K.L.:
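What follows is a structure written as C-alpha cells; I'll ask about it next.
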Amino acid sequence: MRHVNKLILALIGLLAFQACEGPEGPMGVPGPEGPEGQPGINIVGQTFEVEIDFTAANNFAGNFDFTEPLVEGDALLVYMLEQNPATEGRVAWRLLPQTFYLEGGILVYNFDYTVDDFSIFLDNSPINFAELDDYWTTGLLFRVVVVPSDLLGARVDYTNYEATMNLLNISEDDFVRIESKK
C-alpha cells in the first residue's frame with residue numbers, strides 16, 4: 001500500500017510542476033517576453049504595361065522611361081502577350097526573350113534596361129523585319145515587372161507569370177500604362 005501511495009503522490013507532484021511554467025523567454029528559457037522587434041520590410045516593385053508597334057521609324061523598338069529610377073541591383077522581367085498556338089482564343093504571358101521560327105527566318109523579341117529606362121525590340125535576327133505580317137509587329141502588348149533585389153534569391157520560376165505575380169503580390173490593377181519615348 002505504501003508503494004501505491006508514493007506512486008500517487010509522485011504523479012500528483014509531476015502534474016503540479018508541469019502547470020507552473022511561465023511564458024517562454026529569449027533563448028527558449030522561461031521568463032519575461034523580450035523587446036518588440038523591428039518592423040518588417042515592405043518590398044514593392046514597379047509594374048508597367050506597354051503597347052508597341054515595331055516599325056522602321058522606331059528602329060523596330062519601343063523605348064520607355066521608368067516613372068522613378070530603379071534601385072541598383074533590381075532586375076527586370078518582361079512578359080509578352082501571345083496567342084496560345086494550341087488553343088484558339090487563349091492567350092498567355094510569356095517571358096522575354098521569345099523566339100519564333102517563321103518561314104522567312106527566326107524572329108526574336110528581346111529587351112534591355114538601365115536604372116533609368118528600358119527597351120523592347122526585335123533582336124538582330126536573320127529576317128527582314130519590314131516584311132513581317134502586322135500580327136508580329138503591330139499593337140503588341142507587354143507587361144514589365146521590376147523585381148526588387150531583396151527577392152532575387154526567391155525560389156520561383158519567373159517564366160511562370162502567375163507564380164511571379166503571386167510572389168510579388170501583383171494584381172491586374174497594379175500595372176501602370178506608360179507611353180514610348182519619342
Side-chain angles (χ1 to χ4, degrees), residues 37-102 105-125 127 129 132-182:
Q38 295 290 332
I41 299 171
N42 186 14
I43 300 173
V44 178
Q46 299 177 61
T47 55
F48 307 100
E49 186 172 88
V50 298
E51 186 174 334
I52 305 173
D53 291 335
F54 295 101
T55 65
N58 65 11
N59 291 320
F60 300 99
N63 300 297
F64 304 88
D65 287 324
F66 290 114
T67 53
E68 57 185 69
L70 298 186
V71 173
E72 194 68 44
D74 285 354
L76 194 71
L77 302 173
V78 178
Y79 294 90
M80 174 183 186
L81 185 64
E82 175 59 22
Q83 175 72 37
N84 184 324
T87 309
E88 183 67 31
R90 187 162 181 203
V91 295
W93 291 100
R94 297 184 179 166
L95 185 63
L96 293 188
Q98 277 295 312
T99 303
F100 296 92
Y101 299 93
L102 308 175
I106 300 170
L107 175 61
V108 179
Y109 296 90
N110 209 341
F111 73 100
D112 62 17
Y113 68 99
T114 69
V115 294
D116 297 312
D117 59 9
F118 65 95
S119 298
I120 302 172
F121 52 91
L122 301 184
D123 214 340
N124 288 332
S125 306
I127 194 168
F129 300 141
L132 288 170
D133 185 90
D134 285 349
Y135 174 83
W136 302 103
T137 59
T138 305
L140 299 179
L141 198 60
F142 297 87
R143 287 198 170 163
V144 179
V145 177
V146 177
V147 180
S149 59
D150 305 55
L151 290 178
L152 290 179
R155 296 185 130 203
V156 67
D157 176 7
Y158 289 112
T159 62
N160 182 329
Y161 178 79
E162 295 300 324
T164 304
M165 297 307 107
N166 288 336
L167 171 73
L168 299 173
N169 197 26
I170 297 171
S171 72
E172 294 294 312
D173 297 331
D174 293 328
F175 287 92
V176 176
R177 191 71 176 247
I178 58 174
E179 297 299 320
S180 179
K181 292 192 247 183
K182 300 293 178 204

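Treat the numbers as computed from the prediction; the structure is a model and nothing was measured. Quick note: numbers below take in every heavy atom, side chains included, and nothing from hydrogens, waters or symmetry partners.
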K.L.:
State the CZ-CZ distance between F64 and F142, to the nearest 0.5 angstrom.
P.N.:
8.5 Å

K.L.:
For residues S119 and N63, is any side-chain donor paired with an opposing acceptor at under 3.5 Å?
P.N.:
yes

K.L.:
State, yes or no, whether a side-chain contact exists between L95 and V78 at a heavy-atom distance under 4.5 Å.
P.N.:
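No, every pair of side-chain atoms sits at 4.5 Å or beyond.
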
K.L.:
Go through it in stages, so that I can follow the logic: the residues are Y79 and T164, the test is side-chain contact (heavy atoms from CB on, under 4.5 Å), and I'd like the CA-CA distance, side-chain angles, deciding distance and then a yes or no.
P.N.:
CA-CA 11 Å; Y79 294 90; T164 304; 3.1 Å; yes

K.L.:
In Å and rounded to the nearest 0.5 Å, what is the CE to CH2 distance from M165 to W93?
P.N.:
9.5 Å

K.L.:
Aromatic ring centroids of F100 and Y109 under 6.0 Å?
P.N.:
yes

K.L.:
Measuring from L70:CG to L76:CG, what's the distance to the nearest 0.5 Å?
P.N.:
7.0 Å

K.L.:
Side chains of Y161 and R94: any donor to acceptor distance under 3.5 Å?
P.N.:
no

K.L.:
Kindly indicate, with the supporting measurements, whether the criterion side-chain contact (heavy atoms from CB on, under 4.5 Å) is fulfilled by I120 and F54.
P.N.:
CA-CA 9 Å; I120 302 172; F54 295 101; 4.1 Å; yes

K.L.:
Of all heavy-atom pairs between D74 and Y113, which one has the smallest distance, and what is that distance?
P.N.:
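Looks like O-OH, 3.5 Å.
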
K.L.:
So is R143 actually on top of F48's ring, under 6.0 Å and inside 45° of the axis?
P.N.:
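Verdict for F48: no cation-pi partner in R143.
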
K.L.:
To the nearest 0.5 Å, tell me how far T67 OG1 sits from Q46 CD.
P.N.:
4.5 Å

K.L.:
Answer yes or no: does atom CG of N169 have more than 12 heavy-atom neighbours from other residues, nucleotides or ligands under 6.0 Å?
P.N.:
no

K.L.:
Given L102 and I127, is the side-chain contact (heavy atoms from CB on, under 4.5 Å) satisfied, shown in steps?
P.N.:
CA-CA 9 Å; L102 308 175; I127 194 168; 3.9 Å; yes

K.L.:
Checking D174 side chain against T47 main chain: does a donor-acceptor pair fall under 3.5 Å?
P.N.:
no

K.L.:
Quick one: are N59 and F121 in side-chain contact, heavy atoms under 4.5 Å?
P.N.:
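A side-chain contact under 4.5 Å is absent here.
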
K.L.:
Nearest 0.5 angstrom please: L81 CG to L141 CG, how far?
P.N.:
5.5 Å

K.L.:
Is there a side-chain contact between D117 and K181 (heavy atoms, below 4.5 Å)?
P.N.:
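They are in contact (side-chain heavy atoms under 4.5 Å apart), so the answer is yes.
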
K.L.:
Name all residues meeting the side chain to side chain donor-acceptor pair (under 3.5 Å) criterion together with T137; count only those two or more places apart in sequence or in a different chain, and write none if there are none.
P.N.:
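Listed in chain order: nothing, the list is empty.
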
K.L.:
Who passes side chain to side chain donor-acceptor pair (under 3.5 Å) against T99, sequence neighbours left out?
P.N.:
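Side chain to side chain donor-acceptor pair (under 3.5 Å) list for T99, sorted by chain: empty.
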
K.L.:
Would you say the side chain of E51 lies within less than 4.5 Å of the side chain of E179, judging by non-hydrogen atoms?
P.N.:
no

K.L.:
Would V144 and L77 count as a side-chain contact (heavy atoms from CB on, under 4.5 Å) if you check the C-alpha gap in whole Å, the side-chain angles of each, and the deciding distance to 0.1 Å?
P.N.:
CA-CA 6 Å; V144 179; L77 302 173; over 6 Å; no

K.L.:
Which value, rounded to the nearest 0.5 Å, describes the distance between F111 atom CZ and F118 atom CZ?
P.N.:
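Rounded to the nearest 0.5 Å, the CZ-CZ separation comes to 10.0 Å.
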
K.L.:
Do any N or O atoms from the side chain of N160 and from the backbone of E162 form a donor-acceptor pair under 3.5 angstrom?
P.N.:
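Looks like yes, one N/O pair under 3.5 Å.
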
K.L.:
For L96 and M80, which heavy atoms make the closest approach, and how far apart are they?
P.N.:
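In terms of heavy atoms, the two residues are closest at CD2-CB, 3.9 Å.
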
